[in-house]
Amino acid sequence: MTRTPLDPETYLANLTPAQREAVLHLDGPLLIVAGPGSGKTRVITCRVAHLIAQGVRPYHILAITFTNKAANEMRQRVAALLPNAGVWISTFHSFGVRLLRQYGERLELDRNFTIYDQADRVRMVKAALDAANIDNNRFTPETIQGAISKAKNQLLTPDKFAGTAKDYFSQVVAKVYPLYEKKMRAANALDFDDLLLWPALALKNDQEFRAEVDARFRYVLIDEYQDTNKAQYAIARGLSVDHPNLCVVGDPDQSIYKWRGADIKNILDFENDFPDAKVITLSENFRSTKTILAAADSVIVHNRQRKPKPLHTANAAGGPVRVLQFENGVEEAEQIVKRIRAAVQSGQRRYLDFAIFMRINALTRMLESAFIRQKVPFQIVRGLAFFERKENKDILAYLRLLLNPRDDVSFERIVNEPARGIGKTSLEHLTSYAEPRGLSLLAAAAEVDKIPAIKGKAATGLKSFVILIQELQKFLSATPDEVIRQVLDRTGYRKMLKASGEEEDQERLANIEELITAARQFHEEDNSRTLADFLENITLASDVDGWDDKQDCVAVMTLHAAKGLEFPVVYMVACEQGLLPHERSLANDADIEEERRLAFVGLTRAKEELNVTHVKLREFRGQINYTVPSMFLSELPHEGVAHEDLSESSNRYRAADYWRKETSAASKEWFDAGLDLATLKRQKERDGDGPGKSYREGMTVEHEKYGRGKITEVSGHGALRKIKIRFTGGERAFIAEKAKLTIVGKI
DNA sequence: ATCCAGTACGTTTTT
DNA sequence: CGTACTGGAT
């Protein structure tokens, strides 16, 4: 095999000494502590290139990223340096799947397993609860599912978990967990956690397997190591025994997935786990302005459970970080969109320069309507939303059942969709026939003649369903989009939607057509990819994976999704106590610290301009509440942070209209600068130029506490405007905005 | 079996 | 506020 020789200068150029050191490190464990914007992706990519240049076969290199999007980007960057390098780059979960599909039979696993998502798992837990006859009034299936997930993240199998179950809830979970597992095996399904748990346990228990895989992946690189859980840790360790060339990259300050089982100890204890590990810290930030970085640093230093890490940048100071207060959520959304639109219209920015972050998904709604109302292009980065629509889930369930006839969850979903006269009671009969015989629901349906309880319409319905599935299975070798088309036509799904007069159903049909397009494109990109790959891709897709960063759109996403990204202008909305930090985290310090890290992640995404917003009144699930600004706002530095109060909306607007007529030229200038008229008016007022309270030197004012005095000095602007007043008892300074004064006489 | 209406419910973050 | 499930009527 010949490879184009690679000149080290092509990838070593423009690296800092620390980055260079990390790239040049060859064998042995390596920990790279990489602050935000320190070029870690670049370092990983260059390291891969360097390893290959030094003679390591690409086949022996494994790079693990946090999202598929990151994996694709890294693949492209490696390909730019080394075309067709063939390095294995994927997420932990995708890696798990590939390992399990490859070594399936060795692990007593059918390699055609289906991956169950959150919703599927909950259904499975429900089925397990039914089967065990546990009254599920007490705990929701979701809660139990969460506990099972947590157990799996800690590598606890059902029997091990049972040993740890002390309280009543854990004991219920301990009862459900083995049943859930049994059903999962019967359905030939694995959940997200299994994709890590199975490889982790196999590496632990099967030394031959471990040695083989370790020898295969001699150089392992793991990004976002601070967010790995116990299973991922076990995999990393298992792959680094005989060939301990493990390179992990992460930042403890950006660990935000503790709730999902991530263990920050993995990165903090790396040096203990690998005593001969080399540690390199990348602390120079190439992303943000000095002001933004200082603001973020000023917040994160409040975490007590933290190793101090200086952040510095050679970038310019830049403009101030803005803390904006609005009256309510609608105002917040409208004003932000307005500012974005103004900046784009003035030619300073493009829409894709902007991102809006929020703590919870529920907050996207108001932004969505503001964007639509003002006709500003945007993308809500919530990748799965499209595939989670009922019609698409139905079609996908058909596909899953075709590939894995034992997939009972999918069977239940579609057996009567479109309607075939198979109701709840028939399904119960079918289940009670299948259960003791160890049959899948589809297999049981094939024997419907042997089930006396099911007759008439239900029996014929089930029979025709079985025949339908057999028919459709013949098309499995066709292209993914063709299979979907066949499903759509032969199941009568298309007919059902077409026959309906509902507008909504026509839309549903259009959505399925879009699904077909997605499948076709998926296959066209790489025609070795199968239908199974398509389904897997959808299930393992993360939120950011569905985001097209080339489109000229404003990106709207959760703080979690924002990890690893950067934008010229960032708006972080709803920075209010209870939302950020979230109320569910307020009870203990460790959780608040994770919220602070989340805030830190958000703040450090901004390159040039950072805006943090909060409102006076927040409407949430129909209730309007007064808010308290986020505790993190008070942790921002005084310097370089400008506070603007843009609330008291309704009055302002009327006044602003009046103002516009008076000073159209001036207002245009401000408007073009991205400021709305209300802000303009307010600033003018504060500065003493407009109507309302304007303080000038020499004025006589009355203070509610100190009595009458004379203004001796006026300085600063906006919220920082200060006045000095000489009272009979002496001189005092006030913040103009805050001081309770009445003007008594103008000079 | 299916449809509809009314209510109960719970709401962080996600591979 | 919205969804999801229940229970009743057809």
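Chain identifiers are assigned alphabetically (A, B, ...) following the order of the sequence lines, protein sequences preceding nucleic acid strands; residue numbering begins at 1 within each chain.
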To the nearest angstrom, the CG-P distance between Leu462(A) and dA1(B) comes to 10 Å
Between Tyr180(A) and the options Lys126(A), Arg121(A), Arg185(A), the side-chain hydrogen bond (donor to acceptor under 3.5 Å, both in side chains) test singles out Arg121(A)
Winner on side-chain proximity to Thr425(A), out of dT14(B), dC5(C), dA1(B), is dA1(B)
Testing dT2(B), dC1(C), dT13(B) for proximity to the side chain of Asn416(A), the answer is dT2(B)
Of dT2(B), dC5(C), dT13(B), the nucleotide closest to the side chain of Ile360(A) is dT13(B)
From CZ of Arg260(A) across to P of dT13(B) the rounded distance in Å is 13 Å
| request: Determine whether the aromatic ring centres of Trp259(A) and His582(A) lie less than 6.0 Å apart. | output: no
Here the distance between atom C1' of dC9(B) and atom CD of Glu142(A), to the nearest Å, is 11 Å
From CD of Gln118(A) across to P of dT15(B) the rounded distance in Å is 10 Å
Point to revise | Note: Lys616(A)-Glu331(A) ion pair, threshold 4.0 Å (strictly below) | key: no
When rounded to the nearest 0.5 Å, the distance separating CG of Asn229(A) from CG of Asp193(A) is 8.0 Å
- Query: Can a side chain N or O of Asn361(A) be found less than 4.0 Å away from OP1 or OP2 on dT14(B)?
  - Reply: yes
Testing dT2(B), dT13(B), dT15(B) for proximity to the side chain of His560(A), the answer is dT13(B)
Glu536(A) atom CD is separated from dT15(B) atom P, nearest whole Å, by 15 Å
Below 4.0 Å: OP1/OP2 of dT15(B) and any side-chain N or O of Ser94(A)
no
Out of dT2(B), dT15(B), dT13(B), minimum distance to the side chain of His93(A) belongs to dT15(B)
Exercise for the section: Looking at every strand, decide which applies to Ala419(A) at a 4.0 Å heavy-atom threshold: base, sugar-phosphate, or nothing. Expected result: sugar-phosphate
Among the nucleotides dT13(B), dT2(B), dC5(C), whichever has the atom closest to the side chain of Lys126(A) is dC5(C)
Separation of dT3(C) atom P from Arg389(A) atom CZ, nearest Å, is 11 Å
- Give a yes or no on whether a salt bridge exists between Arg529(A) and Glu536(A), defined as a side-chain N under 4.0 angstrom from a carboxylate O. no
Point to revise | Gap in Å between the two P atoms, one belonging to dG7(C) and one to dG10(B), rounded | key: 16 Å
Here the distance between atom P of dT3(C) and atom NZ of Lys390(A), to the nearest Å, is 15 Å
Next on the checklist: Stacking between dT13(B) and Trp259(A), yes or no? Criterion: centroid separation under 5.5 angstrom, plane angle under 30 degrees.
Outcome noted: yes
Per nearest nucleotide of DNA chain C, the residue lying toward the 5' end, Arg123(A) or Glu619(A), is Glu619(A)
Checking dT15(B), dT13(B), dA1(B) against the side chain of Ser542(A) (C-beta onward), the nearest is dT15(B)
Contacts of Asp449(A) meeting salt bridge (Lys or Arg N to Asp or Glu O under 4.0 Å) (sequence neighbours excluded), chain-then-number -> Lys463(A)
Leu195(A) atom CG is separated from dT15(B) atom P, nearest whole Å, by 13 Å
Per side-chain hydrogen bond (donor to acceptor under 3.5 Å, both in side chains), Ser585(A) is matched among Glu594(A), Glu595(A), Glu593(A) by Glu595(A)
May I ask you to say what Asp117(A) touches in the nucleic acid, namely base, sugar-phosphate or nothing, with a heavy-atom cut-off under 4.0 Å? nothing
Sorted by position of nearest nucleotide on DNA chain B, 5' first, the leading residue of Arg420(A) and Leu196(A) is Arg420(A)
Phe192(A) has its side chain closest, among dT2(B), dT15(B), dA1(B), to dT15(B)
Walking DNA chain C from its 5' end, the first of Arg365(A) and Lys424(A) to be reached, judged by nearest nucleotide, is Arg365(A)
query = Looking at Arg123(A) and Glu412(A), does any basic side-chain N land under 4.0 Å from a carboxylate oxygen?
reply = no
Dot-bracket assigned to DNA chain C with the 3.5 Å Watson-Crick/G-U criterion, [ ] for crossing and | for other-strand pairs, is .|||||||||
Of Ala458(A) and Thr91(A), the one whose closest nucleotide on DNA chain B sits nearer the 5' end is Ala458(A)
May I ask you to verify if any side-chain N or O of Ser426(A) is less than 4.0 angstrom from the OP1 or OP2 atom of dA1(B)? yes
Test: Asp394(A) and Arg508(A) ion pair at under 4.0 Å: no
